[in-house]
Protein chains: 2
Amino acid sequence: MPCVYEYSRPALTVDCVVFGFDGGDLQVLLTRRGLEPFKDRWALPGGFVHLDETLDEAARRELAEETGLREVFLEQLHTFGAVERDPRERVVSVAYFALVKPTAATAATDAAEAEWFPVASIPPLAFDHAEIFAAALARLRGKLRYDPLGFELLPPKFTLSQLQGLYEAVLGTALDKRNFRKKALGFDLLVPLNEKHRDGAHRPAQLFRFDPAKYRRLKKQGFLFEL
Amino acid sequence: MPCVYEYSRPALTVDCVVFGFDGGDLQVLLTRRGLEPFKDRWALPGGFVHLDETLDEAARRELAEETGLREVFLEQLHTFGAVERDPRERVVSVAYFALVKPTAATAATDAAEAEWFPVASIPPLAFDHAEIFAAALARLRGKLRYDPLGFELLPPKFTLSQLQGLYEAVLGTALDKRNFRKKALGFDLLVPLNEKHRDGAHRPAQLFRFDPAKYRRLKKQGFLFEL
DNA sequence: CCAAAAGTGTTGAAACTACACCCATGG
DNA sequence: CCATGGGTGTAGTTTCAACACTTTTGG
């Protein structure tokens, strides 16, 4: 029998919008609900915040538990507090968005009831998760332009074409190859490796890595990224 | 005697970072705490979220109760969830930032224990409110550049010099008068009024108003503001 | 030798920066 | 008539967008 205190404050959860990139499409990781309400519907991975953990910790813990993902890029998105967003009782949810590299991404698929969906064809979602997802996608699109988030979705070594493909997939627009390369290299944040990417019957591509330390140094001096 | 449920979930509050502009400095509205902990310290206005209100509603209600402010521009900022941010018990706080026009701002001063402080000289704050304030200021600075937020801090009728002064106060840099005017007028979002601003022994200034409807229309077509 | 993606420069247009003087008013 | 802030244009530089062909490889 619940006492009055159960109803005196909202429940608090975290939900994660996890993005991945397979080289073609931008994707999102969803889990299938095992319980009512919305049993068998797809939903964002997430769960209740414990009293002894921060919000970020809760998000990481839930991600690990439900999808097996660890060490992902995680950033708080927005807190959703509509009164009726959960039919059972008042639940406020702190939403996060996460970016995972392809290596980690494939590991996640092996786990439990988690599955990747291209963002263009998301199934119906539980609760207000469609709204949360839309907010996350908008944020990713907006931020990609002036923050080097993209590298969190690529393997540590990547080609310029892969980088461009990612920008095109996320922004939904075609980009000019020469202009893109000029800009991307102009920042001096991509270091060429002594390694080529061989992939099929054509000229092999130069591999690069992103230099995050240098980026942080530049950012402190009021530098802007902007691709 | 509290039952176990009191401790099974964090308490949830909202806190508001309210900015105003007096023509010279960017200011923040603080309230003096009447109770322990941090009794007599300055703090951000805020309070507990009720079960039957959204987070936005809670923020507006608390603002009205503690400062008398209504009809302000309000936007969710970030949710703060450090485990020890409140010494009494686990409290998670959804922070908002608010922008108020000078007319409303003076009304607020008359109210209760609320007072405006220039952002350059904020007193010590309760809890983690200094951190919240810093996040709000950073967000305001960042967003001002590509979102027409500034008009929420000016009276409905304003001169270009007032607008420029606001940008300079928020961004902390001097701007070139001619370039600023060119850009500001170039968007075609400022409509000149048949009215001048008389103020002292010099040429009176043209008054303008911002056209929010037109802005929304342009934004839908993928238009970017950026001053 | 063919298909397929990698790689590379230039040019015209637009936007940005820097900069100095006259105007209208109140006292 | 003087002090004060309002208001205006241009030139040099930089950045941006558009655009097509050669290179390297595997099959």
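Residue numbers start from 1 in every chain, and the chains themselves are labelled A, B, ... in the order their sequence lines are given, proteins ahead of strands.
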* Does the side chain of Val170(B) come within less than 4.5 Å of Arg141(B)'s, by heavy atoms? -> yes
* **Minimum side-chain heavy-atom gap Asp15(A)-Leu77(A) below 4.5 Å** => no
* Please examine the side chains of Val49(B) and Val94(B), heavy atoms only from C-beta on, and report whether any two atoms are closer than 4.5 Å. => no
* To do: May I ask you to check whether Phe151(B) and Phe158(B) place their ring centres under 6.0 Å from each other?
  => yes
* Interface with DNA chain D, restricted to residues 174-194 of chain A and to heavy atoms under 4.0 Å -> Asp176(A), Arg178(A), Asn179(A), Lys182(A)
* Quick one: on DNA chain D, does Ala201(B) or Gln206(B) contact a more 5' nucleotide (nearest heavy atom)? -> Ala201(B)
* Does anyone know the first and last nucleotide of DNA chain C in reach of chain A, 5' to 3', at under 4.0 angstrom to a heavy atom? -> dA3(C) to dT10(C)
* Distance test, side-chain N/O of Ser161(B) to OP1/OP2 of dG6(D), below 4.0 Å -> yes
* Earlier contact from the 5' end, DNA chain D, for Arg203(A) and Arg203(B) -> Arg203(B)
* **Short N-O contact, Arg61(B) and Glu65(B), less than 4.0 angstrom** => yes
* Student check: side-chain heavy atoms of Leu190(A) and Leu160(A) closer than 4.5 Å -> yes
* To do: Just call it for Thr159(B): base, sugar-phosphate, or nothing, with non-hydrogen atoms closer than 4.0 Å on any strand.
  => nothing
* Asked: Is any NZ, NE, NH1 or NH2 atom of the basic residue among Lys143(A) and Glu75(A) found under 4.0 Å from an Asp or Glu carboxylate oxygen of the other?
  -> yes
* To do: Check every atom of dT4(D), dT25(D), dG7(D) against the side chain of His202(B) and return the nucleotide holding the closest atom.
  => dT4(D)
* To do: Measure the shortest side-chain to side-chain distance between Leu26(A) and Leu137(A) over non-hydrogen atoms and say whether it is less than 4.5 angstrom.
  => yes
